[in-house]
Every structure is written in C-alpha cells, then in structure tokens.
Amino acid sequence: MTDAKTLARARHLVEDSLSEKRCSHVFAVTEEMRLLARVFELSDVENDLLLAALLHDITKEKTLEAQLQLCAEYGIILSAEDRAVPKGLHAITGAAFAAREFSLDAPFADALRWHTTGRANMTLYDKLLFLADYIEKTRTWGPCRVLRRLFWKQIKSAKTREEKEDVLNHVVRVGLDSTLQDLLEEERFIHPDTVAARNDLLYREANR
Ligand SMILES: [Fe+2]
Ligand SMILES: [Fe+2]
C-alpha cells in the first residue's frame, strides 16, 4: 500500500535523477495514469499505480554499464533477447529498484517490468501503464496521437468493466502494432515478448 509520503519521495527522486524533458514525460504519464485509474474505478490501488508511473523510467538515463551493474546488484539474470534490446533494460532495473527501494508490490512492479515490451497475458495494470506511457499528453509522435484519440473516443461508449477492458485490449494491441511496424522499418531487433503480447491481445479480440 503506497501512501502520499512515498509518492512525494518518488516525485523528488524523479526531479533529482532525470533530465527536465524526461521529468515532464514521467509526470505526464502519472497524470494519465490518474485518469485511467478513475476510468477503471481503481481508487483502492490508485497510489500504487501512480508510484509505478512515477518510477517507470527512473533508471532510463543510466549508462549501459550502470544498468548492467544494477542487474548484478539485484541478482537479475538477463536473457540473450534482453541484452539485444539495451533500451529495454531500464524496465527491468526500474522494476527491481521500485520493489526494493519503494516497497512497490509485485503486481505494480510487474507493470513497470513490462512497460516497454509488453508480454503474453498482460494484466490490467500492465496494460494501463503501457497505455499511459504511450498516450500521455506531451507525446507528439503520430501513432501516439492516433492512439490517444482512439482510446478516449472508444472508452466513452464502454459502460461495463468488461467493455472497458475490451477497449483497452484493442487499443494496446494497436499501439503494439505501431511499435512493431516502426521496429521493422528501422530494421531493429524485436523482443519476442512484444510479439507474444501482440498476438495474445489479437487472439482475445478475435475470441471475445
Ligand atoms: Fe520506459
Ligand atoms: Fe516512459
């Protein structure tokens, strides 16, 4: 259970650790998460979700060497695929940091862990952090604008929790598709967890 004091400590750490531009992004993700928590009526875990949002990029500006050092400190064993996507390491080290230094409970630390790649069977919290990171207000990349509009348009007509989760699944899948297209165009390595996340959500859409 995360209290207001812990959130304030995380805010200060963000300000002390990250560049101005990344701070704006992180605070925008946190605001987006607040809105999403209301939509999904998650007031009981809102603070935990906000803490995950505040800390989601906390190790992003560390060098590769420092990331690997953190992995060693936390006893994290990286797969060959994890090593092939150095940009994704901050999700792994950030989740371990949030759990150890801020006592972030596992379901929320997991959301942080999977916020860049996604994974098969993404939980509601995984999807909410993925989406908040993707559509927060300061993002201007075309697919982010498209996804932001799509989510807020479709969620208006969703009444039940089930309908809302259907919208979330669809929108996250569309976001993953954009990410995959981008990676293909740039001829970059694709983490298999991203493919697994996308296929899993597509399967759910087809079988609902
Ligand atoms: Fe990130
Ligand atoms: Fe981010």
Side-chain angles (χ1 to χ4, degrees), residues 7 10-37 48-64 66-68 70-71 74 76 78-79 81-102 104 107-119 122-123 125-148 151 168 171-172 174-176 178-180 182-183 186 188-194 196-198:
L7 287 179
R11 269 180 196 280
H12 284 127
L13 184 71
V14 168
E15 282 166 347
D16 290 347
S17 315
L18 300 174
S19 63
E20 209 173 304
K21 191 165 182 256
R22 187 151 283 114
C23 279
S24 305
H25 161 67
V26 164
F27 293 141
V29 172
T30 308
E31 280 316 300
E32 199 68 40
M33 183 59 98
R34 197 188 298 279
L35 299 176
L36 294 176
D48 300 293
L49 289 168
L50 295 180
L51 184 59
L54 278 170
L55 296 176
H56 85 281
D57 278 344
I58 197 69
T59 59
K60 188 149 182 177
E61 292 179 355
K62 290 192 184 296
T63 61
L64 178 60
Q67 297 282 357
L68 296 174
L70 275 179
C71 288
Y74 292 140
I76 296 165
L78 296 171
S79 67
E81 286 89 357
D82 293 335
R83 286 178 184 275
V85 190
K87 271 189 170 179
L89 289 180
H90 75 280
I92 299 173
T93 55
F97 176 86
R100 304 247 180 140
E101 308 297 330
F102 282 81
L104 185 63
F108 311 99
D110 281 351
L112 208 165
R113 165 66 184 86
W114 304 104
H115 84 270
T116 50
T117 55
R119 59 169 163 171
M122 287 175 84
T123 67
Y125 304 154
D126 291 359
K127 287 179 275 196
L128 291 178
L129 185 56
F130 179 90
L131 185 65
D133 192 26
Y134 213 109
I135 67 170
E136 58 87 349
K137 287 193 175 70
T138 72
R139 290 227 193 252
T140 53
W141 187 47
C144 296
R145 292 169 187 258
V146 169
L147 213 66
R148 188 185 300 136
F151 176 76
L168 184 64
V171 171
V172 169
V174 172
L176 285 163
S178 295
T179 301
L180 287 166
D182 203 46
L183 291 168
E186 292 181 10
R188 280 159 60 195
F189 184 85
I190 292 174
H191 198 292
D193 287 334
T194 306
R198 184 265 182 185

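Throughout, residue positions are numbered sequentially from 1 according to the sequence presented. Whatever order the structure lists ligands and atoms in, that order sets their numbers, starting from 1.
A donor atom on one side chain and an acceptor atom on the other are found under 3.5 Å apart for Thr123 and Asp126. His90 and Gln67 are not linked by any side-chain donor-acceptor pair at a separation below 3.5 angstrom, with hydrogens and angles left out of the test. Side-chain atoms of Thr138 and Ser24 form no donor-acceptor pair, as typed in the model, at a separation below 3.5 Å.
Screening residues 11-20 for side-chain hydrogen bond (donor to acceptor under 3.5 Å, both in side chains), with sequence neighbours left out, gives Ser19-Glu61.
Residues Leu180 and Arg198 meet the side-chain proximity criterion, which asks for heavy atoms closer than 4.5 Å. Two residues are said to be in side-chain contact when any heavy atoms from C-beta on lie closer than 4.5 Å; Ile58 and Phe102 fail this criterion.
For the Fe ion (ligand 2), the tally of protein N/O/S atoms lying closer than 2.8 Å stands at 4.
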